[in-house]
Trainee: 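Just dropping this structure here.
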Amino acid sequence: MSNGKAFFGGDNICYLDLVLGSLIPLTEFIEEINNFKVFDEVRTPGLARWAKCVHSNEAIKSVFPGKETLVDFYAMLHMAKPPRAV
């Protein structure tokens, strides 16, 4: 869809990049918790390259939460949940 360009919109970031790119922090969180790669350079080189381009964009870096923020939030939620009744 990108015809070999960095983004779905070509050389410039577009709406589709922003919408799908908003899931990148979540995928990084899933990678951290489950110890596997979602955007793997071997299996999906185009998606991995796209994710790096989107994640390194200055406008997006300042808005999207980092992986560490999501991991800390998950840990806080996990500690605060009540124990299960057996």
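When reading the values below, keep in mind they use all heavy atoms of this one structure, side chains included, and skip hydrogens, waters and symmetry mates. Nothing fancy with the numbering, it's 1 onward along the sequence. Since this is a predicted model, take the numbers as computed values, not measurements.
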Trainee: Students often mix this up, so state it plainly: with edges at 30° and 60°, are the rings of Trp50 and Phe39 parallel, tilted or perpendicular?
Mentor: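 Ring orientation, 0 to 90° scale: perpendicular.
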Trainee: To the closest 0.5 Å, what do you measure between SG (Cys14) and CZ (Phe7)?
Mentor: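 Between atom SG of Cys14 and atom CZ of Phe7 there are 9.0 Å.
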Trainee: Please determine whether a side-chain nitrogen of the Lys or Arg among Asp40 and Arg43 lies less than 4.0 Å from a carboxylate oxygen of the Asp or Glu.
Mentor: yes
Trainee: Applying the 4.5 Å side-chain criterion to the ILVMFWY set and letting contacts propagate, would Phe36 and Val71 be lumped into a single cluster?
Mentor: yes
Trainee: Specify the closest pair of heavy atoms between Phe29 and Leu70, including all atoms of both residues, with the distance to one decimal.
Mentor: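 Nearest pair, atom of Phe29 first, then Leu70: CE1-O, 3.7 Å.
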Trainee: Inspect the surroundings of OH in Tyr15 and state if more than 12 heavy atoms from other residues, nucleotides or ligands are less than 6.0 Å away.
Mentor: no
Trainee: Shared ILVMFWY cluster between Ile60 and Val63, side chains joined below 4.5 angstrom?
Mentor: yes
Trainee: If you draw a 6.0 Å radius around CG in Asn34, do more than 12 non-hydrogen atoms from other residues or ligands fall strictly inside?
Mentor: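 Counting other residues, nucleotides and ligands, CG of Asn34 exceeds 12 neighbours.
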Trainee: With rounding to the nearest 0.5 angstrom, report the CZ to OG1 distance, Arg49 to Thr44.
Mentor: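 It comes to 10.0 Å.
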Trainee: Quick check: are there more than 12 heavy atoms from other residues, nucleotides or ligands sitting under 6.0 Å from CE of Met79?
Mentor: no
Trainee: Can you tell me how far apart CD1 (Ile24) and CD (Glu31) are? Round to the nearest 0.5 Å.
Mentor: 10.0 Å
Trainee: Looking at every heavy atom in both Ile13 and Asn57, which two are closest together, and how far apart are they?
Mentor: CD1-ND2, 4.0 Å
Trainee: In terms of hydrophobic clustering (I, L, V, M, F, W, Y; side-chain heavy atoms under 4.5 Å; direct or indirect links), are Phe73 and Leu23 co-clustered?
Mentor: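 Phe73 and Leu23: separate clusters.
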Trainee: Pairs in or reaching into residues 14-30: which pass salt bridge (charged side-chain N to carboxylate O under 4.0 Å, His left out), with residues at least two apart or in two chains?
Mentor: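 Qualifying pairs, neighbours excluded: none.
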Trainee: Return the minimal non-hydrogen interatomic distance between Phe64 and Leu18, and the atom names on each side.
Mentor: CZ-O, 4.1 Å
